[in-house]
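See below for the structure under consideration.
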Amino acid sequence: MYDKVKYLPAGDSSLTMEFGNEISVKINGKIRNTVNAIESSPPEGLTELIPTYRSIQVLYDPSVIDYGDMVRSLEKILHSATDGGVDNYRIVEIPTCYGGEYGPDLEFVAKHNNLTVDDVIKIHTGSDYLLYMLGFTPGFGYLGGMSEKIATPRLQVPRTIIPGGSVGIAATQTGIYPIDSPGGWQLIGRTPIKLYDPLSEIPVLLNAGDYVRFTSITEEEYLSIKEAVEKNEYKVNIIHNGEVRLNVL
Amino acid sequence: MSFKVIKAGLFTTVQDKGRYSYQRFGMSVAGAMDPFALRVANMLVGNEPYEAALEATFLGPTLEFKDHEAIAITGGDMSPKVNNNPIPMWMSVYVKPGDILSFSGVKSGLRSYIAFSRKLDIPLIMGSRSTFTRGKIGGYEGRKLADNDVLGFRDSQLSTTKGSFIRRDFIPSYNKEEVIRVVLGPQDDYFLEESIQTFLSSTYTITNEADRMGYRLDGEKILHRQGADIISDGIVFGSIQVPGHGMPIIMMADRATTGGYTKIATVITPDLSRLAQMGPGSKINFERVTLEEASIIYRDYEERLSLIGSHIKEATFHISELRSLNLSINGKKFMVDVNEIK
């Protein structure tokens with residue numbers, strides 16, 4: 001993390017607040033706290049914030065505020081934002097059916113790492129993943145904290161269509177495809193939960209700063225949860241400020 | 001209250017300002033590629049400037065009206081016609097039930113905007129009616145229009161019963177070669193000094209890979225100091241990314257919200273509209289402006305738009321006068337039936 005936040009111009013109506021040049025839990029926490037602080041007393045002319053791994057994209061209306069005044073306003077707010085850990089977070093449980101038609105690459109991931117299929121599931125469900133940022137497609141979360149023991153390179157030839165809900169691994173990253181899309185990740189399972197529902201008031205289930213906890217379910221459970229989700233009767237299990245299980249290498 | 005899409009044209013979508021405030025969820029903004037043309041089209045028919053309208057690309061649609069309607073067409077010139085008679089652009093035009101609006105291939109520019117005085121009946125999704133085709137949401141069923149679609153209107157009253165036009169000198173001209181002004185950054189320090197000079201002094205050509213998401217350019221290679229990849233951060237309308245191959249990509253309306261390539265510069269807002277009217281083969285020379293200059297240019301641009309807005313309000317004519325006024329504007333003969341509207 002930089003000692004001093006860098007302000008970088010991004011055209012006439014946006015700037016980048018850069019906190020560092022690495023992916024770290026500490027920077028992510030600082031960004032989260034800063035976003036909360038900006039939103040609780042937004043400078044006049046602020047139009048939108050896009051938090052990322054290590055920066056906040058600040059969008060503003062240049063007919064209301066100019067770059068210099070925006071930087072000064074943000075600096076003031078920055079001093080009121082805490083450096084410390086995030087004290088308010090959610091652990092979101094994602095029930096996942098591993099292997100079979102839902103996770104066609106599970107066996108490859110196991111073989112690649114000299115593990116059994118059960119080992120891979122145990123390791124993947126054994127720790128919680130911090131959601132650093134959303135991007136790529138609506139609702140796609142970049143998760144950090146996967147064990148290197150199950151790291152596997154991307155497919156050499158990407159699939160043209162991956163069903164929404166697929167859980168995959170790409171190198172040391174893991175993630176969930178919110179909608180049907182092309183992609184090259186190794187697919188190890190699928191969740192029946194909707195991560196993205198454009199017609200819902202809250203269109204995206206996961207937010208930056210959440211922890212994701214995968215739980216292993218059977219195909220039977222998958223189908224019954226899927227039915228409940230479609231009837232709008234399924235309630236996602238969310239634990240507030242619970243104990244986070246971090247991957248210890 | 002509706003109209004029928006007889007032919008959809010090449011790529012016709014419903015667009016408004018775009019889906020702002022949801023980018024933190026990975027949601028692309030979408031919205032009109034040429035916001036200037038969208039805003040003027042709406043003002044001409046008495047709407048709020050960012051009301052949803054049709055954006056037609058390269059080849060416009062053929063529409064059949066079921067009701068009396070005031071429409072306005074702005075942006076690229078695709079030779080709009082009503083019942084095969086040419087109609088003026090940048091001016092409100094009244095149509096009656098059974099009238100057919102049609103277009104030919106584009107003569108100048110690339111995208112036309114068709115605004116309607118009755119407001120399109122398109123559901124608001126996350127605060128916007130814009131079509132985001134890659135995400136299959138917004139607009140008409142989340143897709144471009146197809147032959148035989150029927151689009152409804154959400155109010156029975158016309159927004160205005162008066163016609164209007166804009167002064168000729170406010171109508172932008174679209175060229176195949178343009179100077180596009182940029183502010184350097186956010187990652188200009190990732191590039192060699194001489195490469196920034198290359199970027200600013202040579203001519204770049206828009207390739208065939210140019211769509212609502214982004215424009216890939218071809219020209220002199222831009223070299224990085226070390227590596228083109230950064231840890232992903234935010235992208236805005238007009239961000240110019242330079243991946244390892246050294247060729248710039250300008251991010252447009254359907255851009256992803258974040259990306260992992262260095263961004264050498266950002267196109268200033270007032271020049272995005274002209275850029276949106278350029279297509280494959282067109283040439284761009286980038287010109288650097290400072291943040292202070294960009295801020296002045298932006299304010300001038302907004303002032304010009306509000307001036308256009310007040311001119312439009314003053315320049316109204318009653319429907320019964322429409323015929324003579326048509327003749328006096330372009331010196332051309334137009335066949336617009338106007339008397340049925342009450």
Side-chain angles (χ1 to χ4, degrees), chain A residues 6-24 27 35 47-59 61-63 65-68 132-142 178-181 195-208, chain B residues 19-29 123 125-126 132 134-138 142 181-189 230-240 256-260 263 265-272 289-299 301-303 306:
Chain A
K6 281 187 194 170
Y7 294 89
L8 309 168
D12 54 20
S13 41
S14 179
L15 62 85
T16 310
M17 272 179 104
E18 197 176 281
F19 290 78
N21 194 16
E22 65 198 307
I23 297 171
S24 84
I27 292 176
V35 166
T47 54
E48 188 167 2
L49 298 173
I50 316 171
T52 69
Y53 275 123
R54 43 84 178 235
S55 66
I56 303 172
Q57 195 67 36
V58 178
L59 280 66
D61 179 351
S63 54
I65 189 166
D66 69 14
Y67 178 85
Y132 281 96
M133 62 181 253
L134 293 138
F136 174 52
T137 56
F140 184 88
Y142 289 86
I179 51 173
D180 296 356
S181 47
L195 273 80
Y196 165 66
D197 181 358
L199 300 180
S200 159
E201 201 167 310
I202 303 159
V204 166
L205 173 66
L206 299 170
N207 282 313
Chain B
R19 205 158 273 112
Y20 281 93
S21 304
Y22 293 89
Q23 293 186 80
R24 68 176 57 183
F25 304 122
M27 192 69 222
S28 291
V29 172
I125 294 178
M126 294 177 230
F132 175 47
R134 209 154 28 89
K136 297 190 180 75
I137 66 148
R181 292 165 294 181
V182 300
V183 173
L184 288 184
Q187 280 97 33
D188 49 319
D189 55 339
I230 53 169
I231 297 167
S232 288
D233 69 359
I235 286 177
V236 297
F237 197 173
S239 289
I240 305 175
T257 53
T258 59
K263 296 174 285 288
T266 315
V267 176
I268 63 170
T269 306
D271 285 5
L272 288 170
V289 293
T290 65
L291 265 178
E292 293 70 30
E293 287 164 341
S295 160
I296 294 165
I297 298 166
Y298 184 90
R299 277 160 212 226
Y301 166 77
E302 283 298 327
E303 260 172 44
S306 49

task: Name the region of S63(A), side chain, backbone, both or neither, that has any atom closer than 4.5 Å to a heavy atom of chain B.
output: both
Side chain / backbone / both / neither for I268(B) at chain A, heavy atoms under 4.5 Å: both
query: With only heavy atoms counted, which part of I23(A) is less than 4.5 Å from chain B, the side chain, the backbone, both or neither?
result: both
query: Checking side-chain contact (heavy atoms from CB on, under 4.5 Å) for the pair F25(B)/L206(A): CA distance, chi angles, key distance, verdict?
result: CA-CA 8 Å; F25(B) 304 122; L206(A) 299 170; over 6 Å; no
message: So which atom in S55(A) and which in D233(B) form the shortest heavy-atom distance, rounded to 0.1 Å?
response: OG-CB, 3.1 Å
message: How long is the straight-line distance from CG of L199(A) back to CE of M126(B), given to the nearest 0.5 Å?
response: 8.0 Å
message: I need the T16(A) OG1 to I235(B) CD1 distance, nearest 0.5 Å.
response: 10.5 Å
- prompt: Which pair of heavy atoms, one from A10(A) and one from V236(B), lies closest together, and at what distance?
  reply: O-CG2, 4.0 Å
- prompt: Closest heavy-atom contact between Y196(A) and G135(B)?
  reply: OH-O, 4.4 Å
- prompt: Side chain, backbone, both or neither: which part of Y67(A) has a heavy atom under 4.5 Å from chain B?
  reply: side chain
message: How long is the straight-line distance from CD1 of I50(A) back to CE of M27(B), given to the nearest 0.5 Å?
response: 13.0 Å
- request: Could you tell me the separation between the CE atom of M133(A) and the CD1 atom of I231(B), rounded to the nearest 0.5 Å?
  value: 10.5 Å
task: Taking D12(A) for its side chain and A294(B) for its backbone only, find out whether a donor-acceptor pair lies under 3.5 Å.
output: no
task: Heavy atoms only, distances under 4.5 angstrom: which of V183(B), D188(B), L291(B) has the most pairs with chain A? Name it, please.
output: L291(B)
Chain B contact via D180(A) - side chain, backbone, both or neither, heavy atoms under 4.5 Å: neither
field: Smallest separation among heavy atoms of L134(A) and G26(B), with atom names
entry: CB-N, 4.0 Å
field: L49(A) portion near chain B, given a 4.5 angstrom heavy-atom threshold
entry: both
task: State which residues pass salt bridge (Lys or Arg N to Asp or Glu O under 4.0 Å) with E22(A); sequence neighbours excluded, sorted by chain then number.
output: none
- prompt: Considering all heavy atoms of both residues, which atom of S21(B) and which atom of T47(A) are nearest to each other, and what is their separation?
  reply: OG-O, 4.4 Å
- line: Of P203(A), A208(A), G139(A), the largest count of non-hydrogen pairs under 4.5 angstrom with chain B goes to P203(A)
message: Quick check for you: to the nearest 0.5 Å, what is the distance between D61(A) atom CG and Y298(B) atom OH?
response: 5.0 Å
task: Under 4.5 Å heavy-atom distance to chain B, tell me which part of Y132(A) shows up: side chain, backbone, both or neither.
output: neither
query: Once you round to the nearest 0.5 Å, how far does CZ of F237(B) lie from CG of L59(A)?
result: 12.5 Å
field: Segment of L184(B) engaging chain A (4.5 angstrom heavy-atom cut-off)
entry: backbone
- request: Would you mind telling me which of A265(B), S295(B), S232(B), G185(B) has the largest number of heavy-atom pairs within less than 4.5 Å of chain A?
  value: S232(B)
- prompt: Who pairs with P51(A) by side chain to side chain contact (heavy atoms under 4.5 Å, CB included), at least two apart in sequence or on another chain?
  reply: I31(A), V35(A), R24(B)
query: Using a cut-off of under 4.5 Å for heavy-atom pairs, which of G11(A), G135(A), P62(A) has the most such pairs with chain B?
result: P62(A)
Region of S239(B) that comes under 4.5 Å of a non-hydrogen atom in chain A: neither
message: Using a 4.5 angstrom heavy-atom cutoff, name the option from I125(B), V289(B), T269(B) with the most pairs to chain A.
response: T269(B)
